[in-house]
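Working notes, structure below.
Every heavy atom of this structure was used, including side-chain atoms; hydrogens, water molecules and symmetry mates were not. Letters A, B, ... are given to chains in the order of the sequence lines, protein chains preceding strands, and every chain is numbered from 1.
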Protein chains: 4
Amino acid sequence: MRRLDPVRHEGKRREILEAAGRCFVRHGFKGASIAAICTEAGISPGHLYHYFASKEAIIGAMADLRLTEMAQRFHDVAADKEAIPALLAELRRKKSRIRQATPMVLELLIESGRNPAIAKIMRESSRRMRDLLAELLRKGQASRQIDPAIEPETAATILMGVLDGLKIVALREPKFDTEKGLVMLETMITRFLMPPANGAQRDPGIADKRPDRALQ
Amino acid sequence: MRRLDPVRHEGKRREILEAAGRCFVRHGFKGASIAAICTEAGISPGHLYHYFASKEAIIGAMADLRLTEMAQRFHDVAADKEAIPALLAELRRKKSRIRQATPMVLELLIESGRNPAIAKIMRESSRRMRDLLAELLRKGQASRQIDPAIEPETAATILMGVLDGLKIVALREPKFDTEKGLVMLETMITRFLMPPANGAQRDPGIADKRPDRALQ
Amino acid sequence: MRRLDPVRHEGKRREILEAAGRCFVRHGFKGASIAAICTEAGISPGHLYHYFASKEAIIGAMADLRLTEMAQRFHDVAADKEAIPALLAELRRKKSRIRQATPMVLELLIESGRNPAIAKIMRESSRRMRDLLAELLRKGQASRQIDPAIEPETAATILMGVLDGLKIVALREPKFDTEKGLVMLETMITRFLMPPANGAQRDPGIADKRPDRALQ
Amino acid sequence: MRRLDPVRHEGKRREILEAAGRCFVRHGFKGASIAAICTEAGISPGHLYHYFASKEAIIGAMADLRLTEMAQRFHDVAADKEAIPALLAELRRKKSRIRQATPMVLELLIESGRNPAIAKIMRESSRRMRDLLAELLRKGQASRQIDPAIEPETAATILMGVLDGLKIVALREPKFDTEKGLVMLETMITRFLMPPANGAQRDPGIADKRPDRALQ
DNA sequence: GATGAATGAGGTTTCATTCAT
DNA sequence: CATGAATGAAACCTCATTCAT
């Protein structure tokens, strides 16, 4: 005579997770108290433990949620676009959400240095995004829109770092004109990825003094 | 009956700050306890309050120290170099220190979103670095090593973001081949900053479909 | 529309009580949680309260069960035997069950010092055992197998204490050679109970310096 | 410039331990709350942790204290007496203290089934008492006051069990006439230990049907 | 009968901070 | 300067119990 309703259960779990998310953004992982999360979620302190075994578990579930949905959305964006436009689209999407979600992802990054469970989740998510991005770059190289000398895996990692850097800019300079910055970042990425001008010999610049290493 | 030897006092303060730094790296701001810091510094809990009024004050002093020394070192590096080489030198220096110092700077960034005192210190430090970098870019433009179409202030901010992004790469993928990544990052920056090839018409790429906006 | 099948009800009650027993042995009365008992019994927390009004009630029922069955089994053993053999038989039975049941009976003893309800149950059970044992001793005295100078009630109490002491030996020294100990205990009881050698004047020993008091 | 005063520290520790002891007797290990112990000791809840790392540690220290002082006192009693008188003296001493200390020792016994640290302490204490008692028995055998057929180690263990059994009697029957019981117990022990009557052939009783096993 | 969601008091422990010495 | 005893609020978590379904 079972009556556990998995849908309701999962729904409540999600609600609590979202409340916890708001608290984490406001106060950080350590700073957000169970009591505060429960108040935010509208439940009693004890009841939270029907859904999560510990605060750690909440943070873990949070990491899973945030990083998975980040990878998923990037996947969606990438699905129906060419390489460079897909990348720039992700950039624009990120900008619009940056104020709210950023601190938590950064905190997950820091936490992953101390919490192996989080580290595992994050490595997995990073790997998925990187593979997707590298695949995108390879497609671009096949269609000659991206410099074939660029090694896709490494470039994917670097580009992810650049996207992350954008988040930090937002923290460092809250009043920064993001639209302006975004356009310039697009330029940077485009110039980085596009193939050298047809036939012409591009000025190699400093890095190109060791072109085999640089682009391989 | 001397009251205080300011030099000794300042020295002890610094020692405590360094001990605190080690604790902060290990456990975060909230996670590092006064007791742990005192143990690490080899003093008693009560005595710590002769040097710092509160834990907040320690974090503040820490922000001051870390961000100031970061700006200062960048200043040193930039002093006697041309624009692009200076930037790349900073990049290389960062790489060597990245494993240890990064989490704390990230934590300061996050803390600054919650703690106005830290935010103030960080904005000041960011401003100094950005101005310096912009000045460098301007010098590069004057000597025709850097694309004159680039707006220095915005580019400086973006470049700082890229440097920060490198830190995150290190957290995301601890086993990442940093040397390879570094070389590729150098390529990216170089291609971004260098002026278009002389006389030749560079393929504008996607972003260049709106070149006036992109390069401001 | 039947309301209740008393047999089924009682059966389930017993099942729960046994599950609770296993938990009590593992974790003690305070340490065993209702949740753990329910898991062990395979029912839901709410449902347990159809059978028992409270945790206290479970402990009470447990005391009833354990102490009653202990008295009952002693009764069975004693039924068809002579005095001393019956006592020794009980001793042997106890030895075989001692590892598992002991801690809970001890815990009931302690609990009875704090919980009047338990104390009442235990006094009743003790009284039954003592009366039975005293009766046995009296029968032994009538058939001249037991020293007539021994006062049956007091001796019964002492003998019960000795049986209990055996439990503690098992706790104190888990590796104790119980067979050896048992044989020696049998010797002790036998020497205590048996009448002085016929006609011979037994060496009174130290205690016998006040024989009237010692043997009452 | 150290100023830690080990004497004061140890004194306070002892005070707390005694307060904890009173609480443990009243409510048991699990039932006695840290808050209650602190109130009883007249300190704040947090301060207790300057002296004990955890509640477990308190129980451990308690076990150490109680069992050590029990062994020590038995040692003192045994020092200047003959075998049987020493044993009976310990018995009398135990009786006078039995109402208060018993439940805690029993609780330590139970706890030792669940807590290896306590178990270790207790085994050590048991071993010391048993060795001392066995030594006493051996001396008694040498001076012909104790039956030489008795194996000292096993008998020592059994006798300790009997002493413990006395504690349980006190719990089982709070109104039991302990003086009467004590005298009878003395008789039992005396009859058990004393050598067979000189020259006379003692009625072997039931156990003596296998005398080689029983007394060896 | 049976479930599991829900409560809220109370458990142990941590911690920044103060203060007498 | 320096210590460590001392505080008390608040942290995380557990648990017996109730109740709608």
What is the distance, rounded to the nearest whole Å, between atom [atom1] of [X] and atom [atom2] of [N]?
{"X": "D:I16", "N": "F:dA5", "atom1": "CD1", "atom2": "C1'", "value": "11 Å"}
{"X": "D:I59", "N": "E:dT12", "atom1": "CD1", "atom2": "C1'", "value": "12 Å"}
{"X": "A:E15", "N": "E:dA5", "atom1": "CD", "atom2": "P", "value": "13 Å"}
{"X": "B:R13", "N": "F:dC1", "atom1": "CZ", "atom2": "C1'", "value": "17 Å"}

Q: Under 4.0 Å from any atom of DNA chain E, heavy atoms only: list the residues of residues 17-24 of chain D that qualify, in numerical order.
A: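 Residues of residues 17-24 of chain D under 4.0 Å from DNA chain E: none.
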Q. Can you name the salt bridge (charged side-chain N to carboxylate O under 4.0 Å, His left out) partners of C:R26, sequence neighbours left out?
A.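 With neighbours one apart ignored, the set is C:E40.
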Q. Listed by chain and number, what are the salt bridge (charged side-chain N to carboxylate O under 4.0 Å, His left out) partners of B:K12, not counting sequence neighbours?
A. B:E15
Q. Does B:I43 or D:L48 map to a spot on DNA chain F nearer the 5' end, using the closest nucleotide for each?
A. B:I43
**Q.** By side chain to side chain donor-acceptor pair (under 3.5 Å) - contacts of D:R114 (at least two apart)
**A.** C:E107
Q | Partner residues of A:E124 under the side chain to side chain donor-acceptor pair (under 3.5 Å) criterion, sequence neighbours left out | A |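 A:E124 satisfies side chain to side chain donor-acceptor pair (under 3.5 Å) with A:R127 once adjacent residues are dropped.
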Q | Contacts of A:H50 that satisfy ring pair (Phe, Tyr, Trp, His ring centres under 6.0 Å) - sequence neighbours left out | A |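 In terms of ring pair (Phe, Tyr, Trp, His ring centres under 6.0 Å), with neighbours along the sequence ignored, A:H50 is linked to A:H47.
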Q: Scan for salt bridge (charged side-chain N to carboxylate O under 4.0 Å, His left out) pairs involving residues 49-59 of chain A, sequence neighbours excluded, and state none if there are none.
A: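 The answer is none; no pair qualifies.
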For [X], which residues count as a side-chain contact (heavy atoms from CB on, under 4.5 Å) partner, sequence neighbours excluded?
{"X": "C:I121", "value": "C:A63, C:D64, C:L67"}
{"X": "A:K30", "value": "B:K30"}
{"X": "D:T39", "value": "none"}

Q) With a non-hydrogen cut-off below 4.0 angstrom, is B:F52 in contact with a base, only sugar-phosphate, or nothing? A)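 No contact.
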Q: Could you walk me through whether A:L48 and A:I58 pass the side-chain contact (heavy atoms from CB on, under 4.5 Å) test, one step at a time?
A: CA-CA 10 Å; A:L48 182 139; A:I58 300 178; 3.7 Å; yes
Q) After noting the C-alpha distance and the side-chain angles of D:L17 and D:Y51, does the key distance pass the side-chain contact (heavy atoms from CB on, under 4.5 Å) rule? A) CA-CA 10 Å; D:L17 216 45; D:Y51 297 94; over 6 Å; no
Q: Let me have a per-nucleotide readout for nucleotides 14-19 of chain E, 5' to 3', with B, S or -, counting only protein heavy atoms under 4.0 Å.
A: BBSBBB
**Q.** Where DNA chain F forms stems, i.e. three or more consecutive Watson-Crick or G-U pairs with both distances under 3.5 Å
**A.**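 As far as DNA chain F goes, consecutive pairing (with distances under 3.5 Å) yields the stems E:2-21 with F:2-21.
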